[in-house]
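Order of the sequence lines sets the chain letters (A, B, ...), proteins ahead of strands, with each chain counted from 1. Both backbone and side-chain heavy atoms feed into the values below; hydrogens, waters and symmetry mates do not. In this text, all values refer to a predicted model and were calculated from it rather than measured experimentally.
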Amino acid sequence: MSLKIKLPDGSIKEFEGQIDVLEVARSISDGLANAALAGIVNGKKVDLNHKIDSDAEVSIITFKSEEGPEIFWHSTAHLMAQAVKQLYPDVKVTIGPAIENGFYYDFDRDKAFSEEELVKIEDKMKELSKQKLPYSRKEVSRNEAIEIFKEMDEPYKLEILNEIPEDETLSLYTQGDFTDLCRGPHVTHTGKIKAFKLLRSSGAYWRGDEKNKMLKRIYGISFPSKKDLKVHLNNLEEAKKRDHRKIGKELDLFSINDEIGAGLVLWHPKGAMIRHQIESYWKEQHLAYDYNLVYTPHIGKGTLWETSGHLHFYKDGMYDSMEMDGIDYYVKPMNCPFHIMIYKSSRRSYRELPYKMAELGTVYRNELSGALHGLMRVRGFTQDDAHIICTPDQLETEVEKLLDFSLMILKKFGFNNFDIYLSTKPEKAVGEVEEWDKATESLKKAIEKHGLEYKVDEGGGAFYGPKIDIKIKDALNRSWQCTTIQFDFNLPTRFDMDYIGSDNQPHRPYMIHRALLGSIERFFGTLIEYHAGNFPVWLCPVQVKVLPIADSVNEYGQEVLAKLKAAGIRAEIDTRTEKIGYKIREAEVSKIPYMFIIGGKEAEADSVSVRRHTKGDLGILKVEDAIKSVLEDEE
RNA sequence: GCCAACGUGGCUCAAUGGUAGAGCAGCUGAUUUGUAAUCAGCAGGUUGGGGGUUCGAUUCCCUUCGUUGGCUCCA
């Protein structure tokens with residue numbers, strides 16, 4: 001956050017860090033005569049040493065804060081907690097932060113909050129908002145805080161307080177009869193919160209740990225005005241329309257069948273055609289970039305998974321073993337061990353490195369039933385997996401190439417907006433610190449070389465290495481991880497991988513796992529939502545629909561169809577005896593990008609009337625020209 | 001797995017403690033049509049599965065499976 005304000009004497013002051021700007025704003029807007037203009041920066045009160053008159057001109061020049069709405073949401077969370085405590089005094093409060101899209105507050109209560117109760121809470125919040133209760137800050141020592149929350153009988157707050165060092169000073173925020181332990185900042189008073197909506201209630205484990213008690217969480221969103229709220233709720237409605245599950249059904253792309261099993265996807269002909277296009281492109285590009293395409297089995301012996309460590313670290317995620325000839329086999333949850341075995345199938349020289357293997361490898365993971373979500377989280381999926389085995393010297397170049405390659409592929413699918421995350425060493429990790437540093441640095445350099453913005457997830461790496469993740473957002477603004485580029489300091493050692501260097505000595509290679517699309521299923525889901533089913537032309541299962549106006553031109557229609565097919569375009573013809581409006585509607589609903597409409601006029605002039613999906617009639621073109629424009633659109 | 005909500009013909013949805021109805025899709029016939037729905041007829045459901053309460057349940061209860069929203073996890 002940064003704050004820049006202009007004082008009455010014309011001087012400008014700037015602040016960085018966590019600023020309780022609203023505290024500042026209050027001093028200004030309330031126009032307290034001769035009030036000291038003060039703010040809170042990084043939790044400390046800052047006196048700006050300026051006495052101002054009630055009508056003095058103090059203006060905020062810039063106030064930048066990524067967490068801008070979060071302050072607002074967090075204040076709303078407090079307001080909600082106050083309402084809940086007033087309505088249900090026995091409920092214990094826990095925590096209630098702002099999140100990416102709104103806020104939540106977790107309460108300890110036996111019963112879940114019903115929809116009617118949410119409405120009741122909303123009404124109470126409205127009431128409290130009208131009272132314009134100021135949020136006041138008070139600083140206390142930890143021990144004072146403990147006394148206060150003991151008095152209030154809030155065990156969760158006490159649990160938090162007990163973990164805080166004794167000499168720490170804490171802040172409490174109080175509005176009306178409600179006090180919460182909170183770092184702040186907050187809006188000035190509850191009256192600022194004019195529009196809010198409690199969206200849903202759900203269960204959530206205390207501190208996110210399934211061993212703990214399941215609390216009852218309420219999610220909500222708020223805005224300074226009713227209009228903003230309306231726009232937001234409207235956006236949510238719009239977003240639902242592009243839900244991949246809905247579009248997948250409407251366009252007959254895929255299904256998930258109860259009788260087969262949860263999280264197991266059936267790709268229908270149209271979805272399969274899109275997948276075929278994705279995979280063909282993927283293979284073509286990998287070959288062009290010196291990857292070796294490989295195929296590996298779906299199951300492997302238990303001993304293999306013991307060596308890899310999966311049976312130790314990942315057993316819960318694996319399907320149970322099956323026995324054959326007294327030996328346990330497991331369905332693969334990952335492809336790595338197989339690729340490693342290909343690498344190890346012969347002595348490798350440094351001259352062979354980097355050695356790259358890529359496979360569209362189908363894996364099965366036992367995801368929790370409650371976590372399954374359309375194509376986004378399934379139990380059987382195909383990763384576009386690759387492993388790059390290289391020397392330490394090659395690391396940086398390889399990472400850079402990889403990022404280039406990833407971005408090129410994502411762009412081809414029309415993705416231009418995504419979030420990039422760099423995840424660094426967690427506390428528990430294998431490998432040397434220097435190795436981690438070197439690898440992390442090379443990842444960072446690669447991103448920065450592209451001038452890309454990224455967020456650092458400190459300690460968010462896997463235990464076996466740092467990684468870059470690229471996430472794409474879906475219709476409901478949830479982000480889904482697609483691309484992942486991960487280092488691995490674990491498997492090369494576990495499998496005792498080596499290569500013979502120029503010094504004729506064996507050396508341990510570096511290994512990079514990467515998936516660009518992530519899984520074909522999730523990628524497809526994201527693709528559907530991103531384009532709302534209006535896929536780029538090169539992916540469309542049917543690119544052109546030929547629509548004869550009457551039976552009399554069906555024959556000409558067939559000729560046009562043949563020409564389209566000869567040009568390599570996926571085309572169909574609709575020769576049913578229906579009105580043209582009906583045929584067009586069907587093609588539009590199916591989101592077919594091009595309609596070639598033909599009647600007597602077109603048949604005579606060797607032409608077609610071109611209609612583009614969502615754009616309408618583009619006029620009459622010679623068949624060859626029409627075909628050419630479709631082909632151009634493919635790129 | 002946990003906390004909730006939901007589960008009616010292929011799809012979208014309606015109805016009731018007395019045993020299910022519409023639109024779309026499908027089928028049949030008529031219509032030969034100029035840029036987003038031609039008309040008519042037909043067929044289709046033991047209301048996710050199992051159990052219970054009841055004279056009677058799809059409607060109430062239990063259980064199971066699944067879906068949805070979260071928690072957790074992750075591609």
Check your understanding: Are A:K249 and B:U12 close enough that a side-chain N or O sits under 4.0 Å from OP1 or OP2?
Key -> yes

Exercise for review: For B:G56 and B:G52, measure between their C1' atoms and round to the nearest Å.
Suggested key: 14 Å

Practice item. Remember a base hit wins even if backbone is also touched, and classify A:G518 as base, sugar-phosphate or nothing at under 4.0 Å, heavy atoms. Key: sugar-phosphate

Exercise for review: Looking at every strand, decide which applies to A:Q383 at a 4.0 Å heavy-atom threshold: base, sugar-phosphate, or nothing.
Suggested key: sugar-phosphate

Practice item. With heavy atoms under 4.0 Å as the rule, sort A:K583 into base, sugar-phosphate or nothing. Key: nothing

Check your understanding: Taking atom C1' of B:A75 as reference, at what distance in whole Å does atom NE2 of A:H373 sit?
Key -> 14 Å

Review point. Can you tell me how far P in B:G50 sits from the matching atom in B:U31, rounded to whole Å?
Key: 48 Å

Revision key, fill the gap. Of the listed B:C3, B:G34, B:A75, the closest approach to the A:E602 side chain comes from B:G34

Exercise for review: Answer yes when A:E250 and A:K246 have at least one side-chain N-carboxylate O distance shorter than 4.0 Å, and no when they do not.
Suggested key: yes

Check your understanding: Rounded to whole angstroms, how far apart are NZ on A:K246 and C1' on B:C24?
Key -> 13 Å

Point to revise | Under-4.0 Å salt bridge between A:D633 and A:R612 | key: yes

Point to revise | N/O donor-acceptor pair, side chain A:Y205 with base B:G1, under 3.5 angstrom | key: yes

Exercise for review: Could you work out the separation of B:G49 and B:A40 based on their P atoms and round it to a whole Å?
Suggested key: 34 Å

Review point. Base, sugar-phosphate, or nothing for A:R200, non-hydrogen atoms under 4.0 angstrom?
Key: sugar-phosphate

Review point. If you measure from the C1' atom in B:C3 to the same atom in B:U59, how many Å do you get, rounded?
Key: 26 Å

Practice item. For A:G599, answer base if it contacts any base atom (sugar-phosphate contacts may also be present), sugar-phosphate if it contacts only those atoms, and nothing otherwise; contact means non-hydrogen atoms under 4.0 Å. Key: base

Point to revise | Nucleotide forming a Watson-Crick or wobble pair with B:U33, both distances under 3.5 Å | key: none

**Study point:** Salt-bridge present (A:D106, A:K213; N to O < 4.0 Å)
**Key:** no

Check your understanding: Under 4.0 angstrom, heavy atoms only, what part of the nucleic acid is A:E521 near: base, sugar-phosphate, or nothing?
Key -> nothing

Review point. What integer distance in Å separates A:L517:CG from B:A75:C1'?
Key: 10 Å

Review point. Which distance, rounded to the nearest 0.5 Å, do you find between the OH of A:Y330 and the CE of A:M318?
Key: 6.5 Å

Point to revise | For atom CD1 of A:I549 and atom P of B:U35, their distance in whole Å | key: 8 Å

Revision key, fill the gap. Picking from B:U32, B:A36, B:A75, the nucleotide nearest the side-chain atoms of A:R585 would be B:A36

Review point. For A:E250, which contact category applies under a 4.0 Å heavy-atom criterion: base, sugar-phosphate, or nothing?
Key: nothing

Check your understanding: Within less than 4.0 Å of OP1 or OP2 of B:A75, is there a side-chain N or O belonging to A:Q481?
Key -> yes

Exercise for review: Indicate, with yes or no, if the rings of A:Y454 and A:Y421 have centres closer together than 6.0 Å.
Suggested key: no

Review point. Could you state the CG-C1' distance from A:D551 to B:A30, rounded to the nearest angstrom?
Key: 14 Å

Review point. What nucleotide, of B:U35, B:A75, B:C71, holds the atom closest to the side chain of A:I597?
Key: B:U35

Point to revise | Closest listed nucleotide, where the reference is the side chain of A:T484 and the choices are B:A75, B:U38, B:G69 | key: B:A75

Exercise for review: From the options B:G70, B:A37, B:U72, select the nucleotide whose nearest atom is closest to the side chain of A:Y582.
Suggested key: B:A37

Review point. Got a donor-acceptor pair under 3.5 Å from the side chain of A:R522 to the base of B:C74?
Key: yes

Check your understanding: Hey, does A:R611 reach any base, or is it just sugar-phosphate, or nothing, if we go heavy atoms under 4.0 Å?
Key -> base

Check your understanding: Which base, if any, makes a Watson-Crick or G-U wobble pair with B:U54, both distances under 3.5 Å?
Key -> none

Review point. A:E115 CD to B:A4 C1': how many Å, rounded?
Key: 10 Å

Exercise for review: Choose from B:G70, B:G34, B:A75 the nucleotide whose nearest atom is closest to any side-chain atom of A:Y219.
Suggested key: B:G70

Exercise for review: Look at the side chain of A:E578 and decide which nucleotide, out of B:G34, B:U35, B:U38, has an atom nearest to it.
Suggested key: B:U38

Point to revise | A:R611 and A:E588 ion-paired at < 4.0 Å | key: yes

Check your understanding: Which part of the nucleic acid does A:V363 contact within heavy-atom distance under 4.0 Å: base, sugar-phosphate only, or nothing?
Key -> nothing

Review point. Which part of the nucleic acid does A:G616 contact within heavy-atom distance under 4.0 Å: base, sugar-phosphate only, or nothing?
Key: nothing

Review point. For B:A25, what is the paired nucleotide under Watson-Crick or G-U wobble rules, both distances under 3.5 Å?
Key: none

Check your understanding: Which part of the nucleic acid does A:F113 contact within heavy-atom distance under 4.0 Å: base, sugar-phosphate only, or nothing?
Key -> nothing

Exercise for review: Check every strand shown and say whether A:I584 touches a base, only sugar-phosphate, or nothing at a heavy-atom separation below 4.0 Å.
Suggested key: base

Review point. Using purine N1 to pyrimidine N3 plus N6-O4 or O6-N4 for Watson-Crick, or N1-O2 and O6-N3 for G-U wobble, each under 3.5 Å, what pairs with B:G66?
Key: B:C6

Revision key, fill the gap. Considering only heavy side-chain atoms of A:R245, the closest of B:U38, B:U68, B:C2 is B:U68

Check your understanding: So does A:E367 reach the base of B:A75 with its side chain, donor to acceptor, closer than 3.5 Å?
Key -> yes

Review point. A:R377 has a side chain; which of B:C73, B:U38, B:G70 sits nearest to it?
Key: B:C73

Practice item. Choose from B:C71, B:G66, B:A36 the nucleotide whose nearest atom is closest to any side-chain atom of A:A262. Key: B:G66

**Study point:** Name of the residue among A:V623, A:L564, A:I573 meeting side chain to side chain contact (heavy atoms under 4.5 Å, CB included) with A:F596
**Key:** A:L564

Practice item. Using the P atom as the reference point in each nucleotide, state the distance between B:G51 and B:A57 in Å, no decimals. Key: 12 Å

Point to revise | Nucleotide paired to B:A43 in any strand shown, Watson-Crick or G-U, under 3.5 Å | key: none

Exercise for review: Using the C1' atom on both, measure B:G23 against B:C61 and round to a whole Å.
Suggested key: 34 Å

**Study point:** C1'-based separation of B:U16 from B:G21 [nearest Å]
**Key:** 11 Å

Review point. What is the nucleic acid contact for A:F381, judged by heavy atoms within less than 4.0 Å: base, sugar-phosphate only, or nothing?
Key: base

Check your understanding: B:C13 and B:A25: how far apart are their C1' atoms, nearest whole angstrom?
Key -> 14 Å

Check your understanding: Charged N to carboxylate O under 4.0 angstrom, A:R514 versus A:E398?
Key -> no

Review point. Roughly how many Å is it from CG in A:L199 to P in B:A4, rounded to a whole number?
Key: 20 Å

Exercise for review: Please check if the side chain of A:E529 supplies one atom and the backbone of A:H244 the other of a donor-acceptor pair under 3.5 Å.
Suggested key: yes

Review point. For A:L372 and B:C73, what is the distance between atoms CG and P respectively, to the nearest whole Å?
Key: 16 Å

Point to revise | Touch class at under 4.0 angstrom, heavy-atom based, for A:G208 against every strand present | key: sugar-phosphate

Exercise for review: Check the angle between the aromatic planes of A:W206 and A:Y156 and answer parallel, tilted or perpendicular using the 30° and 60° thresholds.
Suggested key: perpendicular

